[in-house]
Amino acid sequence: MNITRLAIDKNRVTVVLLLVLVVAGLTAWANMPQSEDPGFTIRIAMVITYLPGASPERVEQLVTDKLEKAIQEMPELDYVQSESKGGVSVIFVTIQQRYKEMRPIWDSLRRKVDRARPTLPDGIIGPIVNDEFGDVFGTIVNLTGDGYSYAELKEVADEVRDELLLIPEVAKVEIYGAQEERIFVEYNNARLADLGLSPLQLRSILGARNIINPGGDIRTEDEEIVLEPTGSFESVQDLRRTLIAIPGSDKLLYLEDVATIRRGYVDPPETKMRATGEPGLALAVSLREGGN
């Protein structure tokens, strides 16, 4: 049978078939699920536990082994990999491929870990279950400002983040490149020695001043008034004007007379972002499942 001859002879049937194929193709294309940032299922979670000062052998014996035994009770488990280093235990939990809905499984993992927590030694930090490996940040928004400090950029970034989270399809917005602020108290050892002060005494004086204690409350027939004690540091100027008692004398000095106080950032920084060569911040946007 000559298909070409048959198509020519039955041209009306051929045209109808072509039209059906075109309509079916257009319909399939219009209904095809598509996403600019498609999500995918990650079946791996990480359990991190810190035991400061412990050797790898002690971490393995006191933390890793106990957590692994608890995790291995999960019926959805595929396999477990662990790494015990000085002061830290890292366990990778892999779930079987046939499971698609991961949230109930990660909740079960957290319950298993919490049940094993009382058997772990005192002084640990964690265990921390991290299951957010599947977040896809498909959109990155850079934020720069000529003459703006990192703190000022962070304020703007926080406002932008709040606005982005109001979009129904946005699930999470992370800010990258933000620098942690610190107040630096820089002193001269010779100057402190002349005054009879030690760095430890200076630290104790500042620590004793900047304490937030409950002030109680006053109850009346109509209202309850909460009392908040003053004395905590509200600004760098408050810190500068802190009175320091000089040992062995009745003399009082302001902290700014003893040390240099300045506001700055953690150095060296953990992360830094640049956009077109300029320092700035980045907002990474992750969509909800099915969002486009």
Side-chain angles (χ1 to χ4, degrees), residues 33 35-140 161 165 169-180 266 268-273 281-292:
S35 177
E36 183 179 355
D37 305 307
F40 47 92
T41 303
I42 300 296
R43 297 176 177 83
I44 300 177
M46 184 165 57
V47 182
I48 306 174
T49 310
Y50 298 95
L51 183 59
S55 64
E57 292 79 10
R58 297 283 289 174
V59 171
E60 178 75 21
Q61 178 185 4
L62 298 176
V63 178
T64 306
D65 283 346
K66 295 179 179 180
L67 288 177
E68 281 186 343
K69 290 177 182 178
I71 295 171
Q72 286 168 352
E73 297 176 359
M74 297 178 60
E76 304 91 351
L77 182 68
D78 189 3
Y79 60 91
V80 173
Q81 289 179 311
S82 64
E83 181 179 358
S84 298
K85 300 181 288 186
V88 61
S89 166
V90 181
I91 301 175
F92 294 92
V93 182
T94 303
I95 304 301
Q96 299 174 27
Q97 291 289 328
R98 61 191 179 94
Y99 292 98
K100 306 297 183 182
E101 184 60 36
M102 304 307 299
R103 180 51 51 198
I105 297 176
W106 299 143
D107 292 341
S108 174
L109 173 62
R110 286 184 169 85
R111 288 193 294 271
K112 294 290 185 183
V113 170
D114 288 340
R115 193 173 299 124
R117 192 189 303 271
T119 66
L120 303 179
D122 296 333
I124 65 168
I125 301 174
I128 303 168
V129 178
N130 181 8
D131 59 9
E132 297 184 344
F133 289 92
D135 293 336
V136 179
F137 296 95
T139 303
I140 306 294
R161 178 180 180 275
L165 288 174
E169 293 185 337
V170 173
K172 182 187 295 185
V173 179
E174 297 284 350
I175 299 175
Y176 292 97
Q179 305 301 306
E180 292 189 34
V266 174
E270 293 185 1
T271 59
K272 266 200 168 185
M273 293 292 300
L281 305 181
L283 292 95
V285 182
S286 176
L287 298 183
R288 298 185 185 276
E289 184 177 356
N292 190 8

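Count residues from 1 along the sequence.
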Colleague: Are the side chains of Ile91 and Pro127 in touch, meaning some heavy atoms are under 4.5 Å apart?
Modeller: no
Colleague: Could you tell me the separation between the CD atom of Gln61 and the OG atom of Ser84, rounded to the nearest 0.5 Å?
Modeller: 11.0 Å
Colleague: Walk me through it: do Glu60 and Asp65 pass the test side chain to side chain contact (heavy atoms under 4.5 Å, CB included)?
Modeller: CA-CA 6 Å; Glu60 178 75 21; Asp65 283 346; 3.0 Å; yes
Colleague: For residues 42-54, please give each side-chain donor-acceptor pair under 3.5 Å, one per line with the distance, not counting sequence neighbours.
Modeller:
residue: Arg43; atom: NE; partner: Gln97; partner atom: O; Å: 3.3
residue: Arg43; atom: NE; partner: Tyr99; partner atom: O; Å: 2.8
residue: Arg43; atom: NH1; partner: Gln97; partner atom: OE1; Å: 3.3
residue: Arg43; atom: NH2; partner: Gln97; partner atom: O; Å: 3.2
residue: Arg43; atom: NH2; partner: Tyr99; partner atom: O; Å: 3.1

Colleague: Between Gln72 and Leu77, is a side chain to side chain contact (heavy atoms under 4.5 Å, CB included) present by the stated rule, with each step listed?
Modeller: CA-CA 7 Å; Gln72 286 168 352; Leu77 182 68; 4.1 Å; yes
Colleague: Give me the atom names and distance for the closest heavy-atom approach of Arg98 to Gln96.
Modeller: NE-OE1, 2.9 Å
Colleague: Got a donor-acceptor contact below 3.5 angstrom from the Arg117 side chain to the Gly126 backbone?
Modeller: yes
Colleague: Nearest heavy-atom pair of Arg103 and Asp131: which atoms, and what distance?
Modeller: NH1-OD2, 3.0 Å
Colleague: Minimum heavy-atom separation for Gly86 and Pro56, please, with both atom names.
Modeller: N-CG, 3.7 Å
Colleague: Please report the closest heavy-atom contact between Pro104 and Glu101, naming both atoms and the distance.
Modeller: CD-CG, 3.5 Å
Colleague: Would you compute the distance between atom NZ of Lys66 and atom OG1 of Thr119 and round it to the nearest 0.5 angstrom?
Modeller: 5.0 Å
Colleague: Where do Val59 and Ser89 come nearest, in terms of heavy atoms and distance?
Modeller: CG1-CB, 3.6 Å
Colleague: Show, in sequence, the C-alpha distance, side-chain angles and deciding distance for Val113 and Leu67, and conclude whether the side chain to side chain contact (heavy atoms under 4.5 Å, CB included) test is met.
Modeller: CA-CA 7 Å; Val113 170; Leu67 288 177; 4.3 Å; yes
Colleague: So, for Met74 and Ser108, which heavy atoms are closest and what is the spacing to 0.1 Å?
Modeller: CE-OG, 4.3 Å
Colleague: Just verifying a value: how many Å separate Leu109 CG and Glu76 CD, rounded to the nearest 0.5 Å?
Modeller: 10.0 Å
Colleague: If I take atom CD1 from residue Ile124 and atom CG from residue Leu62, how far apart are they, to the nearest 0.5 angstrom?
Modeller: 10.5 Å
Colleague: Give a yes or no on this: more than 12 heavy atoms of other residues, nucleotides or ligands lie within 6.0 Å of atom CZ of Arg110.
Modeller: yes
Colleague: So how far is it from Leu283 CG to Ile140 CD1, rounded to the nearest 0.5 Å?
Modeller: 9.0 Å
Colleague: Check this for me, if you would: do Asp114 and Arg111 make a salt bridge, where the nitrogen-to-carboxylate-oxygen distance has to be below 4.0 angstrom?
Modeller: no
Colleague: Let me confirm one number: the CD-CG distance from Gln179 to Leu281, rounded to the nearest 0.5 Å.
Modeller: 8.0 Å
